[in-house]
Amino acid sequence: MATISITLPDNSSRELNEGASVYDLAASIGAGLAKAAIAGKINGQLVDLSSRLTDADRVEIVTEKSPEALEIIRHSASHLMAQAVKELFPQAKVTIGPAIETGFYYDFDVDKPFTPDDLERIEAKMLLLASADQKIERHEYSSVDAISMFEAMGEPYKTELITDLGVERVSVYSQGTFADLCRGPHLPSTARIKAFKLLSIAGAYWRGNEKNRMLQRIYGTAFVDKKELEAYLNRLEEAKRRDHRKIGRELDLFSFSDEVGAGFPIWHPKGAMLRTVLEDFERKEHLKRDYDIVVGPQILKSELWQRSGHYENYRENMYFTEVDEQSYGIKPMNCLSHMMIYKSQLRSYRDLPLRFFELGTVHRHERAGVLHGLMRVRCFTQDDAHILCTPEQLDAEIKGVISFVNDVMAIFGFEYEMELSTRPEKSIGSDSDWEQATGALLSALKDSGRPYEINEGDGAFYGPKIDIKLRDCLDRRWQCATIQCDFTLPERFDLTYVAPDGERKRPIMVHRVILGSIERFIGVLIEHFAGSFPLWISPVQAVVVTVTDSQIPYAQDVYRQLRNAGIRVERDVRNEKLSFKIREAQLQKIPYMLVIGDKEVEQGTVTPRYRDGKNLPAMKPEEFVDFVTKECKDYK
RNA sequence: GCCGUUGUGGCUCAGGGGUAGAGCAGCUCACUCGUAAUGAGCAGGUCGUCGGUUCGAUUCCGACCAACGGCUCCA
């Protein structure tokens, strides 16, 4: 019999009989590997274990430990779920069911939406089908045959998919009585799906288009083993515990009220203090980097919004009001007053770059279904700036913004990722504008030395942009900072500067935020720190607690002294046991509890207890002031 | 905006066609206490809003509002 030669990742080679599969290769290496194998990679291409090898292939065995394993397991789990649904609800039409970052989902077209009870039944069925050890087999068909096959099965979505694929041949994976159009690869058997859980039901549009029919989506997750599944489910629980809406209420930071209106947070004293600290920080950091602080009005004449194009493109999201027969638009963005400040005088190239910074509060009428705590609101404050510069300066300005973002994220301890979005199909501006701006963004990204991704065609119609997504301690990503180049506004408002040669030229405008919105950023901070904010941003940094009533006069003195020194201190001189007061301060996540008993009164000291339970040595109140001041200066 | 779920005192939740309960929080009193809950008593709700069915609705039905999980959109 003829043999073929296969090269392994370590560059060693093996001889196998012609027609051997990936599995045969694994088996020839070792029984253990054959058992652990779940798929293969032939010349870099993921394939099933049953795939045939040809001479001179480079082959890698994918096991549960491989990075690709999870995706395959989840994809197979989604097929298993579809099979379970079809068995329990034969009238359900299957559509698509991919693996996603946190698990998998499958969309079904059903007359009656699934209920939580259904979810349990489906999961139970899946367990049964998994343990049945059904072989998962791949078959290839011509598209024509596949279409008539799925037609016969009464699966119109599948035939639509095949038609749209526009290819000659498609692959179909089957297990038991269930068959699904799929590229693969998959596990060799359903028994290999060992740890999964269905999580939730949701509506989702067919092909993500809201004009299409709404399908019923079931989300689930799957892992290589039960232990990892448990770990993930625990992480979900932890996220629930850290939910900023819950902690926001517990720490009395903010609230929402039906009477005020959906999406309009009201900031309680402690939340407002937290904001104030962040805003002061921002002003300081912007001034350091040669930004000018500006302030514009909350409402501007509607004519101005017409000129900017917002009226045409953004009207649904805007609030309007009319006074003295004059229509005004409540600003959804801060750019217009910044434009007008630029235009208030003749600008020379010597004036540029101009960097206008505003903690601008904007109102946007977001669709009702998208509101989410502080993460998505209808009234929020952006740390917004518009940089107006010459084309030659663009490069340095973008780099400056990225290094600004980098500095700020380091202070808060966030990791982040960057994405460049390039020219979309519908866009304005010349080719050279786009080339230059995209080039500037790209070069700044390369310069940053950090990994970045490119989203082809995902930019705004008015210019390319960099989105920055920070990662919190649970590895979730949040869009906060963005840097956008804008060709429209300078054009529409006819912004110019006088160039060295005396010619009028058009400046380039960069729109950027660092934290994004104060609201969202605070939401992220709350979840990241689970409410235990670093000392420098804690709304309450310390609380003076007395052991008994006899220490009250001294405690009042200490409180006054710290307040006067600018420490955000509270006092708890209630007639309660110390342990009770400690507990309350602990639940409020106050960094320092300054315990005052007879000993402290005698010595004129306080004994700070940190919220981790450890005491600092007793110290004079002024020493504590120095300590906190120093820590805050270092952004601790 | 769309699909689904939910809406009972400040918070967490129980209950259910005959106008409502618990714990915590609050208030009062006693205890004067050294690092995560001292005890006792008191008070607090037109059961999201508006309609309908009914002798009678907080409970059943409908509409609206809001929240929650998603979709779409986004800082």
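In what follows, chains carry the letters A, B, and so on, assigned in the order in which the sequence lines appear, proteins first and then strands, with residues in each chain numbered from 1.
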Any donor-acceptor pair under 3.5 Å linking the side-chain atoms of [Y] with those of [X]?
{"X": "Q484(A)", "Y": "H511(A)", "answer": "no"}
{"X": "Y416(A)", "Y": "R477(A)", "answer": "no"}
{"X": "Y319(A)", "Y": "H363(A)", "answer": "no"}
{"X": "T482(A)", "Y": "Q479(A)", "answer": "no"}
{"X": "E600(A)", "Y": "T607(A)", "answer": "yes"}
{"X": "Q91(A)", "Y": "D111(A)", "answer": "no"}
{"X": "Q586(A)", "Y": "R611(A)", "answer": "no"}
{"X": "D107(A)", "Y": "Q216(A)", "answer": "no"}

Closest listed nucleotide, where the reference is the side chain of E210(A) and the choices are G1(B), C74(B), G26(B) |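 Nearest nucleotide to the side chain: G1(B).
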
Roughly, in whole Å, what's the span from [atom1] in [X] to [atom2] in [N]?
{"X": "R477(A)", "N": "C74(B)", "atom1": "CZ", "atom2": "P", "value": "18 Å"}
{"X": "N455(A)", "N": "C74(B)", "atom1": "CG", "atom2": "C1'", "value": "15 Å"}
{"X": "Q484(A)", "N": "C74(B)", "atom1": "CD", "atom2": "C1'", "value": "11 Å"}
{"X": "K331(A)", "N": "A75(B)", "atom1": "NZ", "atom2": "C1'", "value": "14 Å"}
{"X": "H386(A)", "N": "A75(B)", "atom1": "NE2", "atom2": "P", "value": "12 Å"}
{"X": "Q588(A)", "N": "A25(B)", "atom1": "CD", "atom2": "C1'", "value": "12 Å"}
{"X": "E419(A)", "N": "A75(B)", "atom1": "CD", "atom2": "P", "value": "13 Å"}

Return yes if the base of G1(B) and the side-chain atoms of Y205(A) contain a donor-acceptor N/O pair under 3.5 Å, otherwise no.
-> yes

Under-3.5 Å donor-acceptor pair between R213(A) side chain and C2(B) base =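 Answer is no: no donor-acceptor pair is held.
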
Whole-angstrom distance between [N] and [M], as gauged at atom [atom1]:
{"N": "A14(B)", "M": "C60(B)", "atom1": "P", "answer": "15 Å"}
{"N": "A66(B)", "M": "A30(B)", "atom1": "P", "answer": "49 Å"}
{"N": "G44(B)", "M": "U32(B)", "atom1": "P", "answer": "32 Å"}
{"N": "G41(B)", "M": "C24(B)", "atom1": "P", "answer": "12 Å"}
{"N": "U59(B)", "M": "G45(B)", "atom1": "C1'", "answer": "16 Å"}
{"N": "U38(B)", "M": "C33(B)", "atom1": "C1'", "answer": "9 Å"}
{"N": "G48(B)", "M": "G9(B)", "atom1": "P", "answer": "7 Å"}
{"N": "G70(B)", "M": "U28(B)", "atom1": "C1'", "answer": "49 Å"}

Would you indicate what [X] reaches in the nucleic acid, counting non-hydrogen atoms under 4.0 angstrom: base, sugar-phosphate, or nothing?
{"X": "K599(A)", "result": "base"}
{"X": "R217(A)", "result": "sugar-phosphate"}
{"X": "N317(A)", "result": "nothing"}
{"X": "V377(A)", "result": "base"}
{"X": "G597(A)", "result": "base"}
{"X": "F521(A)", "result": "nothing"}
{"X": "V513(A)", "result": "nothing"}
{"X": "Q216(A)", "result": "sugar-phosphate"}
{"X": "G203(A)", "result": "base"}

Could you run down the sub-3.5 Å N/O contacts of the protein with nucleotides 61-68 of chain B?
residue, atom, partner, partner atom, Å
A66(B), O2', D258(A), OD1, 3.1
C68(B), OP1, R245(A), NH1, 2.8

In B/S/- notation, 5' to 3', how is nucleotides 35-40 of chain B contacted by protein heavy atoms closer than 4.0 Å?
-> BBBB--

Anything under 30° is parallel, anything over 60° is perpendicular, the rest tilted; go ahead and classify [X] against [Y].
{"X": "H528(A)", "Y": "F414(A)", "answer": "tilted"}
{"X": "Y291(A)", "Y": "F357(A)", "answer": "perpendicular"}
{"X": "Y232(A)", "Y": "F223(A)", "answer": "tilted"}

Salt-bridge present (K331(A), E358(A); N to O < 4.0 Å) |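 Salt bridge flag = yes for E358(A) with K331(A).
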
Convert the base pairs of RNA chain B into dot-bracket notation, remembering that pairs crossing earlier ones are written with [ ] and that bases paired across to another strand are shown as |; include only Watson-Crick or G-U pairs under 3.5 Å.
-> (((((((..((((....[..)))).(((((.......))))).....(((((..]....))))))))))))....

OP1 or OP2 of C71(B) less than 4.0 angstrom from a side-chain nitrogen or oxygen of Y105(A), does that happen here?
-> no

Between U12(B) and R249(A), is there an OP1 or OP2 to side-chain N/O distance shorter than 4.0 Å?
-> yes

In a check of ring-ring contact (aromatic ring centres under 6.0 Å, His included) between H310(A) and each of F320(A), W305(A), Y462(A), which one passes?
->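 The ring-ring contact (aromatic ring centres under 6.0 Å, His included) with H310(A) is passed solely by W305(A) among F320(A), W305(A), Y462(A).
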
Of I596(A) and M375(A), the one whose closest RNA chain B nucleotide lies more 5' = I596(A)

With stacking defined as ring centroids separated by under 5.5 Å and planes differing by under 30°, is F380(A) stacked against A75(B)?
-> yes

Row check, W267(A) ring normal vs R275(A) NZ/CZ: under 6.0 Å, within 45° = yes

